[in-house]
Structures are given as structure tokens and as C-alpha cells.
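For reference, the structure is listed below as C-alpha cells.
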Amino acid sequence: MTRKSAAVTVGAVALASVGVYAAVQDDDHDYAGVCVEETTQKRVADDQCDDHRTGGFHGGHGWYFVARGVAAPAVGSPVSGGSFTAPPRSQSWGTGFKADGGVVTRGGFSGHGFSVGG
């Protein structure tokens, strides 16, 4: 490998790494993950679900996924319009959606983003 091709390879790897990091940090997600209390089916603070990143209930709480363009409930409100099934792996979802609820649009997330489903 020549010195020039090594520099190009290193540069390409660095750019790809930055792109992956930016995708995870972006607040433009396909779904909002809001935390729900299992027995009441009402939204609670996301920190109640922070110890897991998949669908299903764990310790009485679970993520409820609301697609972009659909209204997510406010904390304390019953959930509707979404699903307890995680989005497909090709879709991203984020936590930290506005506590007062609203339509899921670009932005509006203050938590973490994930490109995992199932």
C-alpha cells in the first residue's frame, strides 16, 4: 500500500465513523419511544424505562413506539396511536420526546436515539 492510498483509507474510515456517530446523535427519528406503566397503560417519565432498549415490559414499564406524524401522549395520559412492538431495524427511534406530548415530527427529542428494533 502506498503512502497516498493509506492516507485515503484512513480518511475514509474517519469520515464513515463520524457519519455513524452523527446518525446516533441526530434527533430526527422515525419513532418516539415513550415509557408506559404496564398496569395503567399511561405514559410515565422515560427514566422509568432507561435500563432497557427493546419492546416488551421490564419491571412494570415498557417502551411504546409512536410513528412520526402521529400524536404521542403527554406524561400521565393513556397511550394510543402507537405500538408496544419495536420498529423495524431499518427505522430509528428516540427517547426524551416532549413531556407535554404532541405530534412526532423532526426534532423534539432530548434523549438518545437507537437504530435497533425487535
Q | Whether Arg68 side chain and His29 backbone form a donor-acceptor pair below 3.5 Å | A | yes

Of all residues at least two apart in sequence or in a different chain, which pass the side-chain contact (heavy atoms from CB on, under 4.5 Å) check with [X]?
X: Phe57; value: Glu38, Gln41, Phe84
X: Thr40; value: Glu37, Lys42
X: Ser77; value: Pro73, Ala74

Q | Residue pair Trp93 / Pro87: nearest heavy atoms and the distance that separates them | A | CD1-CG, 4.0 Å

Q) Minimum heavy-atom separation for Cys49 to His61, with atom names? A)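 Here Cys49 and His61 meet closest at SG-CB, 3.7 Å.
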
Is there a side-chain contact between [X] and [Y] in this structure, where contact means two heavy atoms from C-beta onward sitting under 4.5 Å apart?
X: Arg43; Y: Phe97; value: yes
X: Tyr64; Y: Cys35; value: no
X: Asp46; Y: Thr95; value: yes

Q. Does Val75 share a hydrophobic cluster with Val70, counting links as ILVMFWY side-chain heavy atoms below 4.5 Å and allowing steps through other members?
A.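 Val75 does not cluster with Val70.
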
